[in-house]
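First the structure, in the form of structure tokens, and then the observations on it.
These values consider heavy atoms only, across backbone and side chains, with no hydrogens, waters or symmetry-generated copies.
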There are 2 protein chains.
Amino acid sequence: MKEKATSFDIAYQAGVSQSTVSRALRNSPLVNAATREKIQAIAKELNYKVDKNASNLRSQQSDTIALLLFEDPTNDDSAINPFFLSMLGSITRACAQKGYDLLVSFQQASNDWHADFEDSNKADGLILLGYGDFVDFEEKLVQLTEQGTHFVRWGAEVENLPLVSIGCDNFQGGKEITEHVIAQGYNKLAFLGSASSHAPEFFERYKGHCQALTEANLAVIDSMQINALYTEDAGYKAACKLIESKQEFDAICAASDLIAIGAMRALQEHGISIPEQVAVVGFDDIAIASFTFPPLTTVKQDTKLAGELLVDSLLDLIAGESTKTTQIKPELVIRKSCGS
Amino acid sequence: MKEKATSFDIAYQAGVSQSTVSRALRNSPLVNAATREKIQAIAKELNYKVDKNASNLRSQQSDTIALLLFEDPTNDDSAINPFFLSMLGSITRACAQKGYDLLVSFQQASNDWHADFEDSNKADGLILLGYGDFVDFEEKLVQLTEQGTHFVRWGAEVENLPLVSIGCDNFQGGKEITEHVIAQGYNKLAFLGSASSHAPEFFERYKGHCQALTEANLAVIDSMQINALYTEDAGYKAACKLIESKQEFDAICAASDLIAIGAMRALQEHGISIPEQVAVVGFDDIAIASFTFPPLTTVKQDTKLAGELLVDSLLDLIAGESTKTTQIKPELVIRKSCGS
DNA sequence: CTGAAAGCGCTTACAG
DNA sequence: CTGAAAGCGCTTACAG
């Protein structure tokens with residue numbers, strides 16, 4: 001391995017000062033065009049790259065964003081939730097487009113994550129992504145805000161907290177899909193998914209669900225809401241519980257696609273046909289949803305748009321401009337798991 | 001926002017020198033236990049974090065790995081290949097376990113990527129991931145090697161090149177699944193996927209496929225191999241081409257799950273039943289594979305293991321130790337798309 | 001066990 | 001348009 005060239009080496013070869021090299025390499029208009037070209041040619045020849053550590057140290061910015069992905073700690077070793085994986089993909093792209101590097105890091109909600117990347121100057125700002133018990137989070141988010149850390153998060157809006165969030169209009173999504181289910185002629189609907197402020201997204205979806213029920217003059221029955229968090233397995237178990245409860249139901253609204261897929265598995269094992277006997281709908285529109293049998297009717301959250309909004313908002317924040325919390329419009333995706 | 005504390009602030013408060021602070025914070029045994037604790041307490045109170053740019057600059061290492069993901073440029077804006085997304089997930093986890101940060105970056109094969117991250121000292125080493133025209137790559141890989149860059153790549157081994165690669169035994173995988181297809185009673189097999197050194201993984205799978213054919217005394221018919229690269233759409237088109245060619249076939253071996261899924265769509269549109277009239281098998285075992293209809297028989301590449309091997313090998317390289325190219329054993333996953 | 005000092009490789013006022 | 005110099009915040013010989 002050759003020794004790495006520094007700006008001094010280039011300066012020496014070009015017969016100019018190191019300052020001029022630095023300027024030329026950053027296309028400063030303060031430098032003579034001919035000199036600049038000469039310097040850049042030498043830099044290329046020497047395979048010179050600016051040392052990011054040095055330049056970041058000096059300029060106190062890193063052109064890097066850190067993405068903190070919070071994982072369900074119960075879900076220790078299996079695959080990442082496909083929805084977040086998809087978000088990760090779109091955020092990566094959005095960063096690349098803006099010329100930012102992306103540092104990806106998994107976190108447990110319990111960790112000391114709230115004061116790491118930006119404080120250590122490795123990143124100019126943070127994107128927070130992931131489900132998790134929101135109540136546990138809240139305190140740390142407040143702390144982040146107080147420290148003046150630049151960050152945005154994916155998720156439901158939080159009252160009384162000046163956080164910048166990008167999220168889906170979960171209430172509206174939950175309402176629309178429930179309306180669709182009802183319009184298909186089903187009227188004994190169960191909801192699979194937690195409904196508490198610990199999981200605000202699910203809670204909002206549930207509230208939308210209830211609203212649609214009420215507007216259709218259907219009763220909201222507490223025992224028809226069964227807790228389930230995040231995973232296919234949780235959906236499977238919740239559906240089994242529902243079946244065992246002997247309550248009558250002809251439709252399942254799941255708080256996520258993964259839960260819906262687990263519920264479908266439970267129904268199929270019990271010989272219940274979808275959608276003839278029981279309709280199933282999900283939420284997210286992960287890639288898998290179009291390949292289930294029958295294909296899953298669901299609510300699409302546009303991850304591409306979400307990734308772009310997240311990155312754009314964060315960059316605004318870093319630039320000292322103001323941004324606002326934005327909600328993405330959910331979009332009904334009708335396939336075969338609910339009615340014709 | 002409070003001013004960020006530096007090691008000098010801590011030194012001042014603790015009544016020691018800045019050198020001692022630096023030592024204490026890195027748990028150097030050279031420092032008195034009581035002093036160390038005092039310093040660490042103050043650091044915590046001040047919310048002090050070591051400035052990574054400064055420490056990296058000084059120590060010339062970053063504890064960061066860069067993951068370069070090469071994308072099929074034809075596939076400009078759609079989702080990332082689910083297989084690579086899954087690899088990304090497992091690499092992220094593996095890095096976290098080793099205490100390394102992960103910088104993720106999308107690249108076009110044509111870019112000047114081969115001399116960026118490590119040379120700019122943002123990362124200690126690189127992981128290269130992605131399909132792409134391998135012939136175009138080769139030259140850059142040679143260059144990387146010459147520069148002494150630490151890197152490992154996911155993919156087929158390359159003859160005559162001293163690269164560290166982690167890959168699947170594609171030949172063996174292609175052979176085994178073809179044997180399975182034949183064992184199910186099919187004997188007019190088509191192969192959907194490119195078969196040239198531009199896509200070495202697919203090529204190896206095809207060679208394994210041919211080997212199995214030959215061992216079963218079945219003829220290898222060139223026109224039964226149809227080019228297709230990476231996407232579901234490519235698989236769809238290739239299958240249509242096969243159907244239009246009027247050749248008789250009773251099984252499709254696809255070079256990847258995505259291609260297989262596209263092929264299934266084409267068959268279904270033509271009213272051909274799977275697996276009764278035509279069997280379909282894939283390669284990769286992406287998450288979607290178990291949800292297709294019928295569920296896809298395929299070859300699993302263990303992405304979790306792959307991610308760990310990739311990271312471990314790279315860290316060995318960075319540490320100056322030797323590593324070797326490793327092949328992961330493919331594993332047959334039998335579902336319903338091929339025989340009972 | 002501790003401190004004074006050098007230096008990692010840049011960027012950026014400042015002076016010309 | 002260019003150069004000499006300071007300094008970003010650490011780590012690490014060196015000396016004690």
Side-chain angles (χ1 to χ4, degrees), chain A residues 2-40 42-43 46-64 101 116-124, chain B residues 2-40 42-43 46-64 115-124:
Chain A
K2 291 173 289 189
E3 277 304 299
K4 229 154 252 182
T6 73
S7 51
F8 284 95
D9 300 328
I10 297 177
Y12 177 78
Q13 286 210 18
V16 296
S17 74
Q18 182 267 341
S19 329
T20 300
V21 171
S22 175
R23 290 194 191 96
L25 259 19
R26 280 171 304 111
N27 288 313
S28 161
L30 287 174
V31 74
N32 179 292
T35 324
R36 176 167 55 227
E37 273 160 38
K38 181 172 167 197
I39 290 171
Q40 289 182 342
I42 295 174
L46 294 185
N47 213 323
Y48 170 81
K49 297 288 162 189
V50 170
D51 185 301
K52 288 287 185 184
N53 290 133
S55 67
N56 293 346
L57 172 58
R58 182 54 233 248
S59 59
Q60 296 292 44
Q61 60 157 27
S62 62
D63 287 350
T64 299
D101 286 324
D116 241 39
F117 285 97
E118 187 173 338
D119 282 357
S120 64
N121 273 342
K122 283 204 80 166
D124 298 333
Chain B
K2 290 173 292 192
E3 277 303 297
K4 227 152 250 179
T6 72
S7 52
F8 282 95
D9 300 328
I10 297 178
Y12 178 78
Q13 286 210 18
V16 297
S17 75
Q18 182 267 342
S19 329
T20 301
V21 171
S22 174
R23 290 194 190 95
L25 260 18
R26 279 171 304 111
N27 288 312
S28 161
L30 286 175
V31 76
N32 179 292
T35 322
R36 174 167 53 227
E37 273 160 38
K38 182 172 165 197
I39 288 170
Q40 290 182 343
I42 295 174
L46 294 185
N47 214 321
Y48 171 79
K49 298 287 163 190
V50 171
D51 185 301
K52 288 288 184 182
N53 290 133
S55 68
N56 292 346
L57 172 59
R58 182 56 233 245
S59 60
Q60 297 292 43
Q61 60 157 28
S62 62
D63 287 349
T64 300
D116 241 39
F117 286 98
E118 187 172 339
D119 283 354
S120 64
N121 274 341
K122 283 204 82 165
D124 298 334

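Sequence order on DNA chain C of the closest nucleotides to B:Ala54 and B:Thr35 puts B:Thr35 first from the 5' end.
A donor atom on one side chain and an acceptor atom on the other are found under 3.5 Å apart for A:Ser22 and A:Arg26. In this structure, a donor-acceptor pair under 3.5 Å is absent between the side chains of A:Ser62 and A:Asn56.
Distance CG (A:Asp63) to P (C:dC10): 16 Å, rounded to an integer number of Å. For the pair A:Lys122 NZ and D:dC10 P, the interatomic distance rounds to 15 Å; values are reported in whole Å. As a whole-Å value, the separation of A:Asn53 CG from D:dG7 P is 22 Å. Regarding B:Lys38, its NZ atom lies at a distance of 10 Å from the P atom of C:dT2, rounded to whole Å. Rounding to whole angstrom units, CD of residue B:Gln60 and P of D:dT12 are separated by 11 Å. The distance from atom CG of A:Leu57 to atom P of C:dG7 is 17 Å, rounded to the nearest whole Å. Between A:Asn56 atom CG and C:dC8 atom P there is a gap of 18 Å when expressed in whole angstrom units. Rounded to whole Å, atom C1' of C:dG16 lies 14 Å from atom CG of A:Leu30.
Using a 4.0 Å heavy-atom criterion, one finds that B:Thr6 contacts the sugar-phosphate atoms exclusively.
Out of C:dT2, D:dT12, C:dC10, the shortest distance to the side chain of B:Arg58 is found at D:dT12. Of the candidate nucleotides C:dC10, D:dT11, C:dT11, D:dT11 has the atom lying nearest to any side-chain atom of B:Gln18. The side chain of A:Ser19 approaches C:dT12 more closely than any other nucleotide in the set D:dC1, C:dT12, D:dC8. For B:Ser55, whose side chain is taken as the heavy atoms from C-beta onward, the closest listed nucleotide among D:dT2, D:dT11, D:dG9 is D:dT11. Counting only heavy atoms from C-beta on, A:Ser59 has its side chain closest to C:dT12 among C:dC10, C:dT12, C:dT2. Across C:dT12, C:dG9, D:dG3, the shortest atom-to-atom separation from the side chain of A:Arg26 is found for C:dT12.
Rounded to whole Å, the P atom of C:dT2 lies 23 Å from the corresponding atom of C:dA6.
Between atom CD1 of residue B:Ile10 and atom NZ of residue B:Lys38 there is a gap of 12.5 Å, rounded to the nearest 0.5 Å.
Between the side chain of A:Arg23 and the base of D:dG3, a donor-acceptor pair under 3.5 Å is found.
Partner assigned to D:dC14 is C:dG3, using Watson-Crick or G-U wobble distances below 3.5 angstrom.
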Open item on the list: Is there a side-chain contact (heavy atoms from CB on, under 4.5 Å) between A:Asp51 and B:Gln60? Walk through the geometry before answering.
Closed with: CA-CA 10 Å; A:Asp51 185 301; B:Gln60 297 292 43; 4.1 Å; yes

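For B:Thr20 and C:dT2, the shortest distance from a side-chain N or O to OP1 or OP2 is not below 4.0 Å.
In this structure the side chain of A:Lys122 never reaches within 4.5 angstrom of the side chain of A:Thr64, judged on heavy atoms.
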